[in-house]
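Just so it is clear, the structure is predicted and the values come from calculations on it, not from any experiment. Just so we're on the same page: letters track the sequence lines, and every chain starts at 1.
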2 protein chains.
Amino acid sequence: MTALRLVAEQNSVDVSHSAWLDTILKGDCVAAMEKLPAHSVDAIFADPPYNLQLEGTLHRPDQSKVDAVDDEWDQFESFAAYDAFTRAWLLAARRVLKPNGTIWVIGSYHNIFRVGAIMQDLGFWLLNDVIWRKTNPMPNFRGRRFQNAHETMIWASRDRDAKGYTFNYESMKAANDDVQMRSDWLFPICTGAERLKDEKGAKVHPTQKPEALLARVLLSSTKPGDVVLDPFFGSGTTGAVAKRLGRHFVGIEREQAYIDAAQERIAEVKPLEHLALELLVSKRAEPRVAFASLLDTGLIKPGTRLFDAKRRHTAVVRADGTLSSGTFAGSIHKVGAQVQDAEACNGWTFWHYERAGGLTPIDELRRVARVGIERAGA
Amino acid sequence: MTALRLVAEQNSVDVSHSAWLDTILKGDCVAAMEKLPAHSVDAIFADPPYNLQLEGTLHRPDQSKVDAVDDEWDQFESFAAYDAFTRAWLLAARRVLKPNGTIWVIGSYHNIFRVGAIMQDLGFWLLNDVIWRKTNPMPNFRGRRFQNAHETMIWASRDRDAKGYTFNYESMKAANDDVQMRSDWLFPICTGAERLKDEKGAKVHPTQKPEALLARVLLSSTKPGDVVLDPFFGSGTTGAVAKRLGRHFVGIEREQAYIDAAQERIAEVKPLEHLALELLVSKRAEPRVAFASLLDTGLIKPGTRLFDAKRRHTAVVRADGTLSSGTFAGSIHKVGAQVQDAEACNGWTFWHYERAGGLTPIDELRRVARVGIERAGA
DNA sequence: GTTGACTCTGAATCGTACC
DNA sequence: TGGTACGATTCAGAGTCAA
């Protein structure tokens, strides 16, 4: 490879025709990333092994066994070995990342402190640590510690002086009751129909992440058409959400079983309509909303059409928690006011969704959502 | 100081009359901790400086001067210096901590990852990371990041194999609407009357922590009478809360202004009444009762037939205090496990006896027996 | 169809006293 | 120091099945 070619790669911005786009590369993530062009992805989401150090088996109070994460890929000989592994993949990731790209890494207290320190050492600039608060975490069965009810995500830019990274501030704010999106996010763990199962009904991957979590990550820090790399692809949540949200993905995974499951999963994903994907450009967002949590918890889906009580007006729910009336986009209140040509509007009582042949106010969904929030909060 | 004296210090367990109890030691925290006896404090709460900008106070690993200050090198220097400082105080803290003591360290994403990794490297064993969610965090003014709405606390035991640390599980659970206390806590930041102000109305300390936060920390992981060390005492929140909750404190602080403010503050604190300080008695701490003693006192008679709650299993009480299921004989626990084909069983809650037409757990009889024991003991 | 009882499960670093 | 026995310990959500 010549120097000229290297430069060309580093300047390559148009990756829309690359063969590796929207595919899963099989193999070790460091080796795979080293084969990708430098500065070729807009964002990275990484869910590396947590290096749990478990001894013996844990029983629930009813004597049933806890299905622990004891997979070979989570075993490391020492902190030093884990650090070396972490340094290697982060270094390779940093080369692939565009200068204005950002990286997300998720972990627990077992590994996240080592990961964060190494990220700082390698020159990544930490933007936030974001807490995923689980509505339904596993209890602490022996009553020896606090219930481990969250995981930590680190969000960082490639360089300290990178100012041009993507952060969809207005979109996040509009989706959060028109106040700034906080660094603590509440989501359920991945269960039910979303959880991939094999033909025997066993979970395909022990640590599948919820799509709602990835959706907020991608909606906050990427634009439609961006390329998102996931070096620990697993069951492919990053790819599924990226495809749905109109982003490109690149997955890297070692185990064929995970690759097969992810490919099948992603093939079934239908990208959202363009209308639902547009990001807010308006700088003004004054009325109050609390809408994104309904999307987060699946109470309402992007693309859903809303109506006023008499079906005189209509709007479409977008993935970032805003509404679009076709000519105007904003919070549920703003759009409600706009379609009525009114000064103000309480979107919660104005907008209705179709259910069982009739219309129900979305306020009903907020009531349902609040129960969950109150249980997990305070 | 002679070797003899050193040994004496290391073995000193009774610190109830130490001159340094409930005082603030002035000076550098490493030097001050090195003067304290080894294994002399039950818990440590530390709120170290967050910023990685080098203050004159941080120990540089080597005193050589850097003339070419390009950003990367400067950053590396900063991290290295902060790491050295962190390692030094954590090492000194670990020496002072009792073998079954625990340590809390609070920080933000600027420093907490380095702190956590170094804690692991030094042999501390992480028990939880606990998130302080702020009800009223400072907004992100530039709209370039998520609102930084939390801080992270690391809770760790001194050693990996230390199992005897204090965790008041039942107290925490009761305080949390009778479900396990989670790892994410919601508290307001310190404002209003609680916030120390000087005569000009200015904040005495820039990062004064709320007393509610410290109260939960101390209530969860210390017992009344325990000694709590705070090597970065600041405005003395740890001391004030410790005094109020009937714990001893040791503060270390360099700046006289903070010491003065803290002393004044703590002097005004009134300790809670003894009754208000008592912890919920955990079953673990209650005196043991042998099943055979129920026979001795006539609470249950040989030949009594026992059942599980759903009458799926049965066994007979034998004169020696063992049970017989017909095919197997042994302790209430062993037979309970055997009939269920389980590895283990708590016979006290598993087995029931017939009373007034219904089934009552034999644990009820144990409770009666314990009352008798207490009466005899008192 | 609805309701309630029961079962199952999720990234888990999950004893202690006594002989 | 090791072996053995006691006996303490779970929340939310989804799925199943019977009433």
Item to check | Under-3.5 Å donor-acceptor pair between A:Arg145 side chain and C:dT13 base | outcome: yes
Item to check | Nearest-Å distance for atom pair CH2/P, residues B:Trp351 and D:dA8 | outcome: 17 Å
Item to check | Ion pair check, B:Arg367 and B:Glu364, cut-off under 4.0 Å | outcome: yes
Checklist entry - Do you see a donor-acceptor pair shorter than 3.5 Å between the side chains of A:Ser108 and A:His110? => result yes
Checklist entry - Are any non-hydrogen side-chain atoms of A:Thr237 and A:Asp230 less than 4.5 angstrom apart? => result no
Next on the checklist: Checking side-chain polar atoms at under 3.5 Å, does B:Asn176 have a donor or acceptor matched by the opposite partner on B:Gln180?
Outcome noted: no
Next on the checklist: Once you measure the plane-to-plane angle for A:Trp73 and A:His205, does it fall in the parallel (<30°), tilted (30-60°) or perpendicular (>60°) bin?
Outcome noted: parallel
Checklist outcome for this item: When rounded to whole Å, the CG to P distance for the pair B:Leu127 and C:dG15 reads 12 Å
Next on the checklist: How would you summarise protein contacts on nucleotides 14-19 of chain D per nucleotide, using B for base, S for sugar-phosphate only and - for none, with heavy-atom distances below 4.0 Å?
Outcome noted: SS----
Checklist entry - Are B:Thr322 and B:Arg318 linked by a side-chain donor-acceptor pair shorter than 3.5 Å? => result yes
Checklist entry - Is the shortest distance from a Lys or Arg side-chain nitrogen in B:Arg94 or B:Asp159 to a carboxylate oxygen in the other one below 4.0 Å? => result yes
Next on the checklist: What's the closest nucleotide to the side chain of A:Thr135 if the choices are C:dA11, D:dG13, C:dG15?
Outcome noted: D:dG13
Next on the checklist: If I take atom CD in residue A:Gln75 and atom P in nucleotide C:dA11, what distance separates them, rounded to the nearest angstrom?
Outcome noted: 17 Å
Next on the checklist: Strictly below 4.0 Å: does B:Arg366 bring a side-chain N or O up to OP1 or OP2 of D:dA8?
Outcome noted: yes
Checklist entry - Does B:Ser331 make a side-chain N or O approach to OP1 or OP2 of D:dC6 shorter than 4.0 Å? => result yes
Checklist entry - Within this structure, what is the CZ-to-P distance between A:Arg142 and C:dC14, rounded to whole angstrom? => result 10 Å
Next on the checklist: Using a 4.0 Å cut-off on heavy atoms, which residues in residues 151-170 of chain B reach DNA chain D? List them by number, or say none.
Outcome noted: B:Tyr169, B:Glu170
Checklist entry - Quick one: is B:Lys173 getting a side-chain N or O under 4.0 Å of the D:dT10 phosphate, OP1 or OP2? => result yes
Checklist outcome for this item: A:Lys65 NZ to C:dA11 C1', in whole Å, measures 19 Å
Item to check | Secondary-structure notation, DNA chain D, from Watson-Crick and G-U pairs under 3.5 angstrom (| other strand) | outcome: .|||||....|||||||||
Item to check | Whole-Å distance separating the OH atom of A:Tyr109 from the C1' atom of C:dA12 | outcome: 7 Å
Item to check | Nucleotide-resolved protein contact map, nucleotides 3-9 of chain C, B/S/- at heavy-atom distance under 4.0 Å | outcome: ------B
Next on the checklist: Once salt bridge (Lys or Arg N to Asp or Glu O under 4.0 Å) is applied, do any residues pair with A:Glu55, and if so which ones, sequence neighbours excluded?
Outcome noted: B:Arg160
Item to check | D:dG7 versus C:dT13 - spacing of their C1' atoms, nearest Å | outcome: 23 Å
Checklist entry - Thinking salt bridges, do A:Asp62 and A:Arg60 make one under a 4.0 Å N-O criterion? => result no
Item to check | C1' spacing across the pair C:dG15 / D:dC11, given as an integer number of angstrom | outcome: 22 Å
Checklist entry - Contact class for B:Val179 vs. all strands (heavy atom < 4.0 Å): base, sugar-phosphate, or nothing? => result sugar-phosphate
Checklist outcome for this item: A:Asn136 has its side chain closest, among D:dA12, D:dT10, D:dG7, to D:dA12
Next on the checklist: Does A:Pro48 reach a base, just sugar-phosphate, or nothing at all? Heavy atoms under 4.0 Å.
Outcome noted: base
Next on the checklist: Once you apply a heavy-atom cut-off of 4.0 Å, does A:Arg144 come out as touching a base, just sugar-phosphate, or nothing?
Outcome noted: sugar-phosphate
Next on the checklist: Please give the distance between the C1' atoms of C:dT7 and C:dA11 as a whole number of Å.
Outcome noted: 23 Å
Checklist entry - Counting side-chain heavy atoms from C-beta on, which of C:dT13, C:dG10, D:dG7 comes nearest to B:Gln120? => result C:dT13
Checklist outcome for this item: Result for 5'-nearest mapping on DNA chain D, choosing between B:His333 and A:Pro137, is B:His333
Item to check | Residues which pass salt bridge (Lys or Arg N to Asp or Glu O under 4.0 Å) with A:Arg114, listed by chain and number, not counting sequence neighbours | outcome: A:Asp83, B:Asp121
Checklist entry - Hey, does A:Gly56 reach any base, or is it just sugar-phosphate, or nothing, if we go heavy atoms under 4.0 Å? => result base
Item to check | Whether A:Phe76 and A:Phe85 hold their rings parallel, tilted or perpendicular, with breakpoints at 30° and 60° | outcome: tilted
Item to check | Phosphate OP1/OP2 of D:dA8 contacted by B:Asn346 side-chain N/O (<4.0 Å) | outcome: yes
Checklist entry - Closer to the 5' end of DNA chain C via nearest nucleotide, is it A:Pro139 or A:Trp73? => result A:Trp73
Checklist entry - Base, sugar-phosphate alone, or nothing: which one does B:Leu126 contact when heavy atoms must sit under 4.0 Å apart? => result base
Next on the checklist: Taking syn as a glycosidic torsion within 90° of 0 and anything else as anti, which one is D:dT10?
Outcome noted: anti
Item to check | Which residue lies more 5' along DNA chain D, comparing A:Gln147 with B:Lys334 via nearest heavy atoms | outcome: B:Lys334
Checklist entry - Between B:Phe167 and A:Phe146, what is the ring plane arrangement, given parallel below 30°, perpendicular above 60°, and tilted in between? => result perpendicular
Next on the checklist: Between the side chains of B:Arg366 and B:Glu286, is the shortest nitrogen-to-carboxylate-oxygen separation below 4.0 Å, so that they form an ion pair?
Outcome noted: no
Checklist entry - Should the pair A:Trp185 and A:Trp104 be assigned to parallel (<30°), tilted (30 to 60°) or perpendicular (>60°) ring geometry? => result tilted
Item to check | Aromatic ring of A:Phe141 stacked on base six-ring of C:dC14, 5.5 Å, 30° | outcome: no
Checklist entry - With rounding to whole Å, what would you report as the distance between C:dG1 and D:dC17 at their C1' atoms? => result 15 Å
Next on the checklist: For the C1' atoms, the ones on D:dT1 and on C:dT16, what distance do you get once it is rounded to whole angstrom?
Outcome noted: 16 Å
Next on the checklist: Whole angstroms only, please: what is the CG-P distance between A:Asn140 and D:dA8?
Outcome noted: 17 Å
Checklist entry - Can you tell me how far NE2 of B:His313 sits from CD of B:Gln338, rounded to the nearest 0.5 angstrom? => result 9.5 Å
Checklist entry - Expressed as a whole number of Å, how far does the C1' atom of D:dT10 sit from that of C:dC6? => result 16 Å
Item to check | A:Asp198 bridged to A:Lys200 by N-O distance under 4.0 Å | outcome: no
Next on the checklist: Whole angstroms only, please: what is the CD-P distance between A:Glu55 and C:dC14?
Outcome noted: 7 Å
Checklist entry - With a 4.0 Å cut-off on heavy atoms, is A:Cys190 in touch with a base, just the backbone sugar-phosphate, or nothing at all? => result nothing
Next on the checklist: Under 4.0 Å from OP1 or OP2 of C:dT13: is there any side-chain N or O of A:Asn148 that close?
Outcome noted: yes
Next on the checklist: Is it true that B:Lys223 and B:Thr166 share a donor-acceptor pair across their side chains at a distance under 3.5 Å?
Outcome noted: yes
Next on the checklist: Nearest to the B:Arg288 side chain among D:dG7, D:dA12, D:dT9, which nucleotide is it?
Outcome noted: D:dG7
Next on the checklist: Using a 4.0 Å heavy-atom cut-off, does B:Asn128 contact any base of the nucleic acid, only the sugar-phosphate backbone, or nothing at all?
Outcome noted: nothing
Item to check | Ring center gap for B:Tyr165 and B:Trp155 short of 6.0 angstrom | outcome: yes
